[in-house]
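Values below: all heavy atoms of this structure, side chains included; hydrogens, waters and symmetry mates excluded. Whatever order the structure lists them in is the order used to number ligands and atoms, beginning at 1.
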Amino acid sequence: MKIKWLALALLTSASMPALANDCALTVEANDKMQFNTKAIEIPKACKSFDVTLKHTGKLPKAAMGHNILVTTDADFKGVSADAIKAGAANDYIKAGDTRIIAHSKMIGGGETTQFSIPVDKIKAGENYTFFCSFPGHAGLMKGTVKLGS
Ligand code: ZN
């Protein structure tokens, strides 16, 4: 009997991580300057949200680099402009820019990287943007981030 109960307990706890799996998302970027998603919705039960960025193209970082930055909609333009000024040597991210809520590193074709979005910084009812800060990319490579239910 005891073994049976233990198995049941294990089954019950094993079903919990199914929710945790929703606290992660893979976003693909390609050589045509596109992300494969326009919207990231973070379940509010998540403490942290893990994003994997996969560059499915072949072009090198210097020609077709991709990253993901997360800011409020209001900060997007300013952060994007400052990122371009920061230049390739800084992977197009202004050092110490506190308007950036989360970001990945810049990668080239065939590479994959991961970063986490701190969910306590994403407020319900506020609008957030994710984008690639490589010069000229944010026009196409941009989408929304919001807190889901
Ligand atoms: Zn890009």
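No side-chain donor-acceptor contact under 3.5 Å links Asn127 to the backbone of Asp73.
Aromatic pair Phe35/Phe130: centroids less than 6.0 angstrom apart.
Among the atoms of Gly65, an N, O or S atom falls under 2.8 Å from the Zn ion (ligand 1).
Closest approach between the Zn ion (ligand 1) and any N/O/S atom of His137 involves ND1. Residue His66 approaches the Zn ion (ligand 1) most closely through its N/O/S atom ND1.
The distance from atom CG of Leu147 to atom CD1 of Ile40, rounded to the nearest 0.5 Å, is 13.0 Å.
Ionic pairing of Asp75 and Arg99 is not present here: no N-O contact between side-chain nitrogen and carboxylate oxygen is shorter than 4.0 angstrom.
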